[in-house]
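So that the names make sense, note that chain A is the first sequence line, chain B the second, and so on, each numbered from 1. Heavy-atom basis, side chains included; hydrogens, waters and symmetry copies ignored.
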There are 4 protein chains.
Amino acid sequence: MSPRTKKQYKEIRKEKRAIIMEAAVEVFAEKTFMGASVSMITKKAGVSKGLLYNYFESKEDLLRQIIFEGFEEFAHVFDPNKDGSLTENEFKYFIDETFRLLQKDTYFWKLYFSIVMQPDVMLLVQDKIMEMIGPFLQTLTEYYEKKGVENPMAYARLMGSIMDGVSMNYLVDPEGFPVEDIKKILIDKFK
Amino acid sequence: MSPRTKKQYKEIRKEKRAIIMEAAVEVFAEKTFMGASVSMITKKAGVSKGLLYNYFESKEDLLRQIIFEGFEEFAHVFDPNKDGSLTENEFKYFIDETFRLLQKDTYFWKLYFSIVMQPDVMLLVQDKIMEMIGPFLQTLTEYYEKKGVENPMAYARLMGSIMDGVSMNYLVDPEGFPVEDIKKILIDKFK
Amino acid sequence: MSPRTKKQYKEIRKEKRAIIMEAAVEVFAEKTFMGASVSMITKKAGVSKGLLYNYFESKEDLLRQIIFEGFEEFAHVFDPNKDGSLTENEFKYFIDETFRLLQKDTYFWKLYFSIVMQPDVMLLVQDKIMEMIGPFLQTLTEYYEKKGVENPMAYARLMGSIMDGVSMNYLVDPEGFPVEDIKKILIDKFK
Amino acid sequence: MSPRTKKQYKEIRKEKRAIIMEAAVEVFAEKTFMGASVSMITKKAGVSKGLLYNYFESKEDLLRQIIFEGFEEFAHVFDPNKDGSLTENEFKYFIDETFRLLQKDTYFWKLYFSIVMQPDVMLLVQDKIMEMIGPFLQTLTEYYEKKGVENPMAYARLMGSIMDGVSMNYLVDPEGFPVEDIKKILIDKFK
DNA sequence: CATGAATGAGATTTCATTCAT
DNA sequence: TATGAATGAAATCTCATTCAT
């Protein structure tokens with residue numbers, strides 16, 4: 001298939017489905033999945049309630065599709081070569097990119113982290129998330145293996161946890177969070 | 001027959017209150033604050049719905065009291081000397097104690113982390129949480145100041161974020177999380 | 001039976017039953033029968049909820065007893081001779097006494113007028129109230145008969161209605177109500 | 001199929017709103033505001049409980065709207081010239097119209113008088129009611145001023161009170177109330 | 001494709017009343 | 001006689017979802 005032109009993309013985004021999803025990410029992020037009502041979303045999207053159910057089977061389905069599409073983009077950031085291996089430069093790039101995405105897709109990541117600790121909701125998207133995180137940890141583990149650390153798996157798990165914690169704290173208080181300093185420390189200690 | 005003494009009533013209230021709160025922590029942790037219904041809680045506690053309101057003004061009040069009392073204990077763990085200053089040994093102790101508490105009060109900490117990313121809910125307990133985290137970061141900052149690092153505040157913020165991320169990942173998958181290895185790495189790199 | 005001494009009366013009033021009834025009149029007057037909760041009443045009375053049910057079968061019974069005893073006193077005011085006939089002087093006295101009672105037993109009369117338009121609640125006390133109002137209208141009718149007006153029954157009904165309306169308006173805004181002027185007009189026009 | 005037009009929706013809303021309000025006036029009048037439940041109202045209106053909240057923000061809002069719209073009509077009856085001044089003929093017309101409205105909108109006026117002595121409920125509609133009664137008393141005062149009575153304000157207050165009392169007694173027992181005779185006496189004594 | 005009125009289950013909360021002590 | 005913890009029915013209100021148009 002030939003790649004879509006920019007104009008086509010813009011049209012797709014402007015589609016009702018995209019409009020609803022964009023509104024939903026915001027409302028979900030601000031109110032959480034359970035706290036957000038379908039009415040809030042359709043009101044923000046400027047469409048009728050009925051229309052939402054033309055595009056999505058349910059509120060849960062809407063969440064699922066948001067998470068699925070959101071993670072697609074993230075997949076391209078980490079290990080862009082797709083060769084499953086990581087250079088030291090790519091490691092730095094990964095940290096930079098993480099913060100860039102947090103900034104760009106703030107609502108999405110707020111939503112993501114609001115879901116992580118909610119077993120019932122997490123269940124809806126767990127498969128997709130595991131699908132992302134598995135290779136991510138795998139690649140990190142290999143990275144630390146190559147560096148010759150004693151327990152590369154623990155390093156990888158720790159690094160993943162750190163990025164979670166750092167992301168959350170950044171999202172909660174972006175102004176007060178010393179991003180650049182922390183990036184430097186992380187690269188210094190974990191590259 | 002003469003009524004129960006004041007002391008007897010007090011005892012009854014203390015015990016029932018504890019029973020309800022214990023049930024509530026579990027249900028909140030599993031379903032989140034918004035997803036948990038008062039019915040679920042009272043059913044698990046084995047009391048009538050009405051009784052909950054004899055002990056707590058509202059569902060929100062119940063949450064607040066759980067968070068307040070849960071944090072009181074945590075306050076004693078970090079910087080046990082209460083002198084606002086931290087030795088290297090105390091730093092290690094703090095990391096050990098963190099995991100001990102995560103294990104002991106799993107439900108409470110699951111609840112806590114499920115709240116952090118929910119602005120509306122966070123609002124209910126923000127004051128108490130800030131009251132805890134402020135001094136915590138302050139002490140950590142001074143710790144890194146004394147160690148002579150370049151930007152102690154960033155170190156402290158990072159360390160706080162790391163403990164958040166590590167705790168969350170541990171809570172989601174306690175079996176698979178390499179606690180001991182990670183403790184070692186953390187102490188090695190951040191003590 | 002010999003009349004009770006003052007001390008005995010005081011003791012009776014101080015009895016729990018009286019204490020509860022006094023608290024109840026206030027709360028009923030301020031919150032209406034349906035809006036007042038048993039808890040409010042017992043709290044104001046400084047007794048336990050259980051005790052109320054020692055003295056009164058139900059909230060409804062409590063209201064009934066309040067209304068019954070309240071009207072006993074009123075019975076003595078109107079037509080104090082009990083001869084069923086009214087002089088012009090007694091008519092004036094009746095109007096004076098009405099306002100005196102409104103002032104003395106404000107809560108009771110507020111309660112009374114809050115009940116009048118509530119069929120369900122009125123049902124509880126209707127018998128007693130009819131028992132009072134019947135003779136009252138009868139006496140008034142005879143009064144106007146003797147004065148030779150064309151339709152004495154209508155005069156009596158009107159006079160009763162007027163006293164209702166005047167009482168209500170006085171109770172709602174005692175400060176702003178021109179009591180003395182209105183008394184004068186009433187006596188002038190209807191004596 | 002294409003959705004209904006805006007106009008069609010507006011029509012539906014207008015009609016359903018009226019149906020609910022009519023049911024509500026009846027139930028409020030019979031049970032009082034506090035004694036009436038939303039269930040009773042929606043059952044009588046033949047709609048679901050949820051629908052009421054599509055049209056009114058709350059039970060209180062429903063009451064407010066009923067009172068507001070009910071008083072609008074009354075405003076046209078009294079002083080129909082809107083010139084703030086009253087002729088003797090208009091005075092008679094006003095008394096006639098009062099009874100006509102009591103007959104036509106019995107439920108509404110029962111509701112109104114059931115509210116007057118309930119401070120908590122009165123609060124909800126006080127503004128609107130004051131807005132009506134203020135000018136009413138003002139006009140009456142001027143009327144009696146022009147007639148040269150000694151204390152026109154007292155006359156006005158009395159006349160207002162009388163209409164309250166008469167209306168209440170008529171509403172409680174319309175059959176037994178000698179309307180025509182009483183009208184005559186009132187006009188005779190207070191025109 | 002699009003609307004929004006309508007439903008009904010379920011949420012939080014209140015409260016008259018009971019009862020063990 | 002007196003207490004207040006406890007109950008359960010019912011109240012107000014919310015909201016995901018359906019459906020006639």
Side-chain angles (χ1 to χ4, degrees), chain A residues 15-17 34-43 47-62, chain B residues 1-6 8-13 15-17 34-42 46-62, chain C residues 15-17 34-43 47-62, chain D residues 1-6 8-13 15-17 34-42 46-62:
Chain A
E15 267 176 26
K16 288 288 161 77
R17 185 172 171 280
M34 307 224 65
S37 75
V38 170
S39 286
M40 291 173 190
I41 293 166
T42 53
K43 191 180 230 173
V47 301
S48 71
K49 262 188 286 199
L51 193 63
L52 189 147
Y53 286 88
N54 276 356
Y55 289 101
F56 307 94
E57 276 178 17
S58 64
K59 195 184 160 192
E60 297 190 351
D61 181 45
L62 171 56
Chain B
M1 238 169 287
S2 56
R4 278 178 263 233
T5 63
K6 285 255 163 83
Q8 279 173 314
Y9 279 125
K10 208 168 174 183
E11 194 61 29
I12 288 172
R13 284 190 73 79
E15 277 167 26
K16 229 8 120 49
R17 183 170 175 279
M34 306 213 74
S37 77
V38 169
S39 289
M40 291 173 189
I41 293 167
T42 53
V47 300
S48 70
K49 249 184 300 186
L51 191 63
L52 190 145
Y53 290 89
N54 195 323
Y55 289 90
F56 304 94
E57 278 178 14
S58 63
K59 194 183 160 193
E60 297 191 352
D61 181 45
L62 172 55
Chain C
E15 265 175 27
K16 289 288 160 78
R17 183 171 172 283
M34 307 224 65
S37 74
V38 170
S39 286
M40 290 173 190
I41 293 166
T42 53
K43 191 180 231 173
V47 302
S48 71
K49 261 185 288 196
L51 192 63
L52 188 147
Y53 285 88
N54 276 356
Y55 289 102
F56 307 94
E57 276 178 18
S58 62
K59 194 184 160 192
E60 296 189 352
D61 181 45
L62 172 56
Chain D
M1 238 170 289
S2 56
R4 280 179 261 235
T5 63
K6 284 254 163 84
Q8 279 174 313
Y9 279 125
K10 209 169 173 181
E11 194 61 29
I12 289 173
R13 285 190 73 81
E15 278 168 24
K16 231 4 120 52
R17 184 170 174 280
M34 308 213 72
S37 75
V38 169
S39 288
M40 291 171 189
I41 294 166
T42 53
V47 301
S48 70
K49 247 185 300 188
L51 191 63
L52 190 145
Y53 291 90
N54 194 321
Y55 289 89
F56 304 93
E57 278 178 15
S58 63
K59 195 185 160 191
E60 298 192 351
D61 180 45
L62 172 55

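Among residues two or more places apart in sequence or in another chain, the side-chain hydrogen bond (donor to acceptor under 3.5 Å, both in side chains) test is passed with B/E11 by none. Under the side-chain contact (heavy atoms from CB on, under 4.5 Å) criterion, C/S48 pairs with C/L51, sequence neighbours left out. For D/N54, the side-chain hydrogen bond (donor to acceptor under 3.5 Å, both in side chains) partners are D/R13, not counting sequence neighbours. Under the rule for a side-chain contact (heavy atoms from CB on, under 4.5 Å), the partners of D/R17 that lie at least two apart in sequence or sit in another chain are D/M21, D/Y55, D/F56, D/Q65, D/E69. In terms of the side-chain contact (heavy atoms from CB on, under 4.5 Å) criterion, residue partners of D/Y53 (sequence neighbours excluded) are, by chain and number, D/V38.
Whole-Å rounding puts the B/Y9 OH to E/dT21 C1' distance at 7 Å. Put simply, NZ on D/K6 is 11 Å from P on E/dA5, counting in whole angstrom units. At whole-Å resolution of the value, CZ in B/R17 and C1' in F/dG4 are 18 Å apart. With rounding to whole Å, A/D61 atom CG is found 14 Å from F/dT17 atom C1'. Summarising the geometry, the separation between NZ on A/K43 and P on F/dA16 is reported as 14 Å, rounded to the nearest angstrom. Between C/L62 atom CG and E/dT17 atom P the separation is 10 Å, expressed in whole Å.
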Just by protein heavy atoms under 4.0 Å, how would nucleotides 7-12 of chain F read 5' to 3' in B, S and -?
BB--SS
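Two residues, B/K10 and D/R4, neighbour DNA chain F, and the one matched to the more 5' nucleotide by heavy-atom proximity is B/K10. Toward the 5' end of DNA chain E, the nearer of the two residues C/E57 and D/Y55, judged by each one's closest nucleotide, is D/Y55.
The strand DNA chain F forms stems, runs of 3 or more Watson-Crick or G-U wobble pairs with distances below 3.5 Å, at E:2-21 with F:2-21.
For residues 46-60 of chain B, every residue pair satisfying the salt bridge (Lys or Arg N to Asp or Glu O under 4.0 Å) rule, not counting sequence neighbours, is listed here: B/E60-B/R64.
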